[in-house]
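To start, the structure under review is shown below, and the notes come after it.
As the structure is a computational prediction, the values presented were derived from the model and not from experiment.
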Amino acid sequence: MKLLRYIIFLSLTVSLASVSKRSYAVSESFWQQDTTKIDTIKRANPQVNNVQTGAADTTASQKVEHRAEDSTRVDPVNDIVHLYGKARLTYQGFELDADYIQYNRRTNQLFARGSWTPGGKYVGRPILKMEGQSTSMADSLRYNTETMEAQIWGVFTEQEGGFFTGGRAKKQPDDEIHSQGQTYSTCNLPHPHFGIHITKGIVTENQIITGPVYLKIEDVPLPIGLPFAFFPKPNKRSSGVILPSPGEDFTRGFFLRDGGYYLGLSDYWDARITGTIYTRGSYDLNVATNYIKRYKYTGNINFSYSNSRYGLEGTPEYDPKKDFNLQWSHSQNPNARPGTTFSASVNAGTASYNRNTAGGTTYDFERIAQNTLRSAISYGRVFDSGINLSLAADAAQETLNQTVSIRLPDISLSVPTFSPFDSPDRVGEQKWYQKITVGYNMQASNSITTIESELFKRSSLNKFQNAVNHQIPINMAFTIADYFNFNTGVNYTERWAFQTISKTYTRVVNGSHVPRIDTIPGFKRNGVYDLNMGLSTKVYSTAQFTKFGNFKALRHVMTPRVSFGYTPDFSDPSRGYYKIAQYEDGSQVRDSRGELIKYSVFEGAVYGGPGLGRNASISFGLDNTVEAKVLTPNDTTGKGEKKIPIIQGLGISGSYNFLAENFKLSRLNFSGRSQFTEKLGINYNGTLNPYQVEIQTVNGVQTPVLVDRYTWQAGRLPRLTNFGFSFDYSLNPEALKRRNENIDEVNEIAQQRGITEEQAEALARVSRDPNAFVDFNIPWNFAFSYSFQYATDEVGRNGSITNTLNFNGDANITPKWKVQFNSGWDFKANTFSQTSFSIYRDLHCWDMSFSWVPFGQYQSYSVDIKVKASVLQDLKLSKRKNYYTRF
């Protein structure tokens with residue numbers, strides 16, 4: 001009922017606008033009686049491509065221009081003007097094009113039509129356009145400029161995503177519109193595949209009265225309609241009842257789904273309150289609102305509450321499962337307030353909401369299996385001086401272990417680096433001290449990590465951790481001998497904590513120490529500093545080849561870097577940052593070597609505390625890039641060359657601590673990437689351990705032990721303790737590129753114009769699932785990804801291997817049929833991972849899809865037939881078998 005009411009109202013309203021507004025423009029501006037002489041000569045030999053312009057009809061205040069590609073003829077006896085062949089008539093913002101236009105000055109009648117070709121095709125239909133209005137097309141039209149009566153046959157016009165076709169509309173002198181045989185549809189063809197057919201109707205200023213209306217598909221009338229209707233015609237957005245959809249759920253019984261009330265609050269804000277009730281005691285409630293202010297911001301809020309009962313009454317499964325979910329999305333137009341940003345992306349609720357409600361009845365596998373719910377709200381401001389201030393609140397909710405981590409608020413302030421000893425009026429090169437730069441950064445955080453059930457209790461307020469971190473970097477950089485970049489500086493860091501800890505150890509029978517940790521509220525600060533200096537350069541080497549065909553050169557770029565850093569020891573108990581560990585009786589705790597054990601009072605703090613002991617270390621690294629230069633055989637000049645990257649960013653790094661008692665050399669980490677072709681790229685990483693392993697007897701058991709001797713001292717290379725690589729391969733990389741471009745374009749439009757809740761969810765699915773985007777312009781695609789990871793402990797034991805394989809693709813069976821699949825291989829279970837198949841049929845103005853998950857926990861199928869345009873999303877046929885009906 002609501003759908004038909006909306007369609008009929010919109011159809012007849014647009015009919016009123018499309019006829020009366022255009023007719024009024026014609027009567028006011030065009031055919032006014034005048035005494036100007038008119039060219040009455042008919043061109044005997046018109047040139048098709050030579051547009052001839054007739055005389056302009058003018059009065060003191062009006063000017064009408066007309067032309068015809070074929071000819072212009074004036075009948076002085078009957079006072080009729082005829083325009084033949086691509087005739088065009090313009091007056092200010094009014095435009096009329098047709099193959100034939102006729103005007104009778106005596107009767108004030110205007111007539112326009114098309115013409116038939118020898119092959120029986122009707123061409124040159126009248127096309128009307130008013131300034132600020134969409135274009136309308138008709139089979140023919142007649143208009144009286146004096147009485148303002150009008151008739152239009154076979155209209156075709158677009159209004160707000162809908163199309164009106166066919167039929168006949170007549171405007172009476174009292175401004176009533178009589179409509180007959182028109183069809184409203186979202187199909188953009190002059191002969192639509194489907195639509196709502198209005199047999200007849202009358203439109204007055206304040207009301208709409210219609211005869212029978214019914215649904216029509218492929219010109220076949222369906223028994224879905226109304227014998228008559230009477231509706232008010234409001235001039236603004238209206239509220240109304242949303243009728244529920246009936247159905248049956250295998251475990252929860254019969255239902256009435258998504259019934260409620262729509263609130264058209266304003267042109268910028270609306271709301272929808274809906275609910276679902278089940279005969280076995282379950283119910284769902286949903287409140288959704290969208291808001292938008294053009295060129296400023298857009299957003300939507302959705303709150304859902306669910307009370308689900310499964311199983312039979314009297315069984316434990318029948319106990320109510322209460323869940324809720326809150327989603328808020330807000331985006332600000334970048335040009336709304338330059339220098340200021342505000343955004344929000346909130347997804348929070350109970351951990352079991354998606355599992356108990358099948359992802360809010362979306363049946364999205366990614367959402368059902370989602371383990372982490374993340375939310376973030378941020379505000380940023382860049383001041384004229386360059387100072388950047390940002391305020392943020394974020395939360396991470398683990399649905400499996402039901403823990404919640406919240407930071408509220410999180411503040412960041414940064415001051416751009418400046419040169420305190422340099423003058424803005426300086427002339428000439430900088431002196432060494434003028435190159436000194438100073439900066440300032442501040443972070444403040446208030447955070448808590450707790451379980452979901454404890455979050456909103458009063459006791460949780462005492463668990464928040466508060467801290468502030470200040471950093472002041474002082475640096476100086478210059479060039480040595482034109483090839484070496486040298487920098488040096490000092491960093492000062494001061495941390496403010498509002499909670500510290502105290503440890504008390506307890507002796508146990510086996511001699512180990514069990515600590516008891518107490519949290520002590522109160523303000524305490526710590527300040528540390530470190531010195532650093534670094535040196536880097538680039539080394540280029542090129543090898544030229546003349547006897548290897550198109551392979552001409554190989555270029556290798558090395559970027560070595562070395563730096564030195566020194567941090568004093570801030571763990572002296574006299575500073576108050578560390579304490580000597582004590583037992584409950586006050587005696588001191590010692591380790592196995594008899595040395596006193598110290599602990600930091602800032603242990604577990606948000607920003608931590610000073611490190612233990614001094615550090616004087618040298619860090620080193622080497623990055624490598626290798627490129628090949630080849631000739632392009634297809635280049636017509638014979639000089640075309642192409643660079644092929646072989647190794648991109650292969651680097652190795654490590655450090656050496658001079659003050660460490662043992663194991664002074666750190667592990668050596670390496671990583672790199674290689675993009676061999678546009679279709680294949682590989683990323684790899686690993687860890688090398690430079691120390692030897694010896695078999696020693698520990699407690700009577702021979703055990704491999706890491707010793708402080710390097711592997712090369714025994715003539716061996718460092719041991720590989722960790723290695724991994726991954727690659728993506730696409731047989732049609734243009735498909736991925738095209739899909740990403742479309743997603744970026746939709747995101748940009750969404751930020752500027754705003755989107756509905758359904759469109760936002762569809763866009764989110766596209767971002768999560770590459771197969772959620774169906775583009776029939778891409779004939780085929782196949783892509784897969786593979787990752788491998790090998791890891792052991794420091795002595796080479798407990799090795800483990802993990803690898804995953806995922807693949808997806810699609811293909812156009814015909815220009816209108818597409819098949820998609822998404823699957824993978826679970827090497828641990830030795831079987832296929834989550835697998836799905838989809839078939840899509842493009843029906844021009846409709847979409848038909850079939851989705852099937854053949855096995856697994858969420859096996860299901862669904863068949864959907866829906867209109868493409870969002871204005872008729874309710875006009876949707878769906879058959880779905882849900883995973884939770886398989887009890």
Does Arg374, at its CZ atom, have more than 12 non-hydrogen atoms belonging to other residues, nucleotides or ligands within less than 6.0 Å?
no

Which one of Thr417, Val438, Thr437 satisfies the side chain to side chain contact (heavy atoms under 4.5 Å, CB included) criterion with Asn475?
Thr437

Heavy-atom closest pair (Ser447 atom, Arg407 atom, distance to 0.1 Å) is CB-CG, 3.7 Å

Close side-chain approach of Trp712 and Pro690, heavy atoms under 4.5 Å:
yes

What is the ring orientation for Tyr786 with Phe827, classed by angle as parallel under 30°, tilted 30 to 60°, or perpendicular over 60°?
perpendicular

So for atom CZ, which belongs to Phe832, do other residues, nucleotides or ligands contribute more than 12 heavy atoms lying within a distance under 6.0 Å?
no

Any side-chain heavy-atom pair of Ile801 and Phe788 under 4.5 Å
yes

Is a side-chain donor or acceptor of Asn446 paired with a backbone partner of Leu408 at a separation under 3.5 angstrom?
yes

Rounded to the nearest 0.5 Å, what's the gap from OG on Ser378 to CG on Asp394? Could you check?
9.5 Å

Over all atoms of both residues, closest heavy-atom pair of Gly649 and Thr625
N-OG1, 4.0 Å

What do the steps show when you test Asn689 against Glu794 for side-chain hydrogen bond (donor to acceptor under 3.5 Å, both in side chains), and what is the final call?
CA-CA 7 Å; Asn689 194 316; Glu794 289 188 339; 5.2 Å; no

Of all the heavy-atom pairs spanning Phe620 and Leu665, show the shortest one and how long it is.
CZ-CD1, 4.0 Å

Any sub-3.5 Å donor-acceptor pair from Gln692's side-chain atoms to Tyr710's backbone N or O?
yes

Considering only heavy atoms from C-beta outward, does the side chain of Val404 approach that of Thr449 to under 4.5 Å?
no

With Gln789 as reference, evaluate Thr802, Asn722, Thr804, Asn803 under the side-chain hydrogen bond (donor to acceptor under 3.5 Å, both in side chains) test and give the passing residue.
Asn722

Side-chain (Gln465) to main-chain (Gly604) donor-acceptor, under 3.5 angstrom:
yes

Straight-line distance of Arg716 CZ to Thr711 OG1, nearest 0.5 Å
7.0 Å

So for atom NZ, which belongs to Lys435, do other residues, nucleotides or ligands contribute more than 12 heavy atoms lying within a distance under 6.0 Å?
yes

Can you find a heavy atom in the side chain of Val415 that is under 4.5 Å from one in the side chain of Met442?
no

To the closest 0.5 Å, what do you measure between OG (Ser787) and CG (Leu805)?
9.0 Å

In a table with atom names and distances, give each donor-acceptor pair under 3.5 Å that connects a side chain of residues 556-570 to protein atoms at least two apart or in another chain.
{"unit_1": "His556", "atom_1": "NE2", "unit_2": "Asn624", "atom_2": "OD1", "d": "2.9"}
{"unit_1": "Thr559", "atom_1": "OG1", "unit_2": "Lys538", "atom_2": "NZ", "d": "3.1"}
{"unit_1": "Arg561", "atom_1": "NH1", "unit_2": "Asp623", "atom_2": "OD2", "d": "3.2"}
{"unit_1": "Asp569", "atom_1": "OD1", "unit_2": "Ser571", "atom_2": "N", "d": "2.9"}
{"unit_1": "Asp569", "atom_1": "OD1", "unit_2": "Ser571", "atom_2": "OG", "d": "2.5"}
{"unit_1": "Asp569", "atom_1": "OD1", "unit_2": "Gly613", "atom_2": "N", "d": "3.2"}
{"unit_1": "Asp569", "atom_1": "OD2", "unit_2": "Ser571", "atom_2": "OG", "d": "3.3"}

What is the distance from atom CG of Asn388 to atom CG of Leu413, rounded to the nearest 0.5 Å?
8.0 Å

Check: Ser674 side chain, Ile646 main-chain N or O, donor-acceptor pair, under 3.5 Å
yes

Can you spot which of Asn657, Asp530, Leu659 makes a side chain to side chain contact (heavy atoms under 4.5 Å, CB included) with Asn615?
Asn657

Side-chain contact, heavy-atom cut-off 4.5 Å: Tyr691 with Val707?
no

Of the non-hydrogen atoms in Asp793 and Arg797, which two are nearest, and what is the gap between them?
OD1-N, 2.6 Å

Lys643, NZ: over 12 other non-hydrogen atoms inside 6.0 angstrom
no

Is it true that, when you exclude Leu717 itself, more than 12 heavy atoms of the residues, nucleotides or ligands shown sit nearer than 6.0 Å to its CG?
no

Sequence-distant partners of Ile695, side chain to side chain contact (heavy atoms under 4.5 Å, CB included), two or more places apart:
Gln702, Pro704

Looking only at atom types and distance, does a side-chain atom of Gln332 sit under 3.5 Å from a main-chain N or O of Thr340, one as donor and one as acceptor?
yes

Assess whether atom CZ of Arg426 is packed by more than 12 heavy atoms of other residues, nucleotides or ligands within 6.0 Å.
yes

Qualifying side-chain hydrogen bond (donor to acceptor under 3.5 Å, both in side chains) pairs with a residue from residues 480-492, counting only residues at least two apart or across chains:
Tyr492-Glu494

What I'd like to find out is whether the side chain of Asn469 reaches to under 4.5 Å of the side chain of Gln471, using heavy atoms alone.
yes

Examine distances only and state if a side-chain atom of Thr687 and a backbone atom of Asn669 form a donor-acceptor pair shorter than 3.5 Å.
no

Test log, rule side-chain contact (heavy atoms from CB on, under 4.5 Å), inputs Ile377 and Leu391:
CA-CA 8 Å; Ile377 303 173; Leu391 306 175; over 6 Å; no

Taking atom OG1 of Thr542 and atom NZ of Lys552, what is their separation to the nearest 0.5 Å?
15.5 Å

Distance (rounded to the nearest 0.5 Å) between Phe784 CZ and Phe807 CZ:
10.0 Å

Do Val693 and Arg719 come close enough that some side-chain heavy atom pair is under 4.5 Å?
yes

At their closest point, which heavy atom of Gly796 faces which heavy atom of Thr792, and how far apart are they?
CA-OG1, 3.8 Å

Quick one: sort the Tyr433 and Phe421 rings into parallel, tilted or perpendicular, breaks at 30° and 60°.
perpendicular

Sub-4.5 Å side-chain heavy-atom contact between Tyr607 and Thr493:
no

Might you confirm whether atom CD of Glu661 has over 12 heavy atoms from other residues, nucleotides or ligands at distances under 6.0 Å?
no

For Ser655 and Ser619 the tightest heavy-atom approach is CB-OG, 3.8 Å

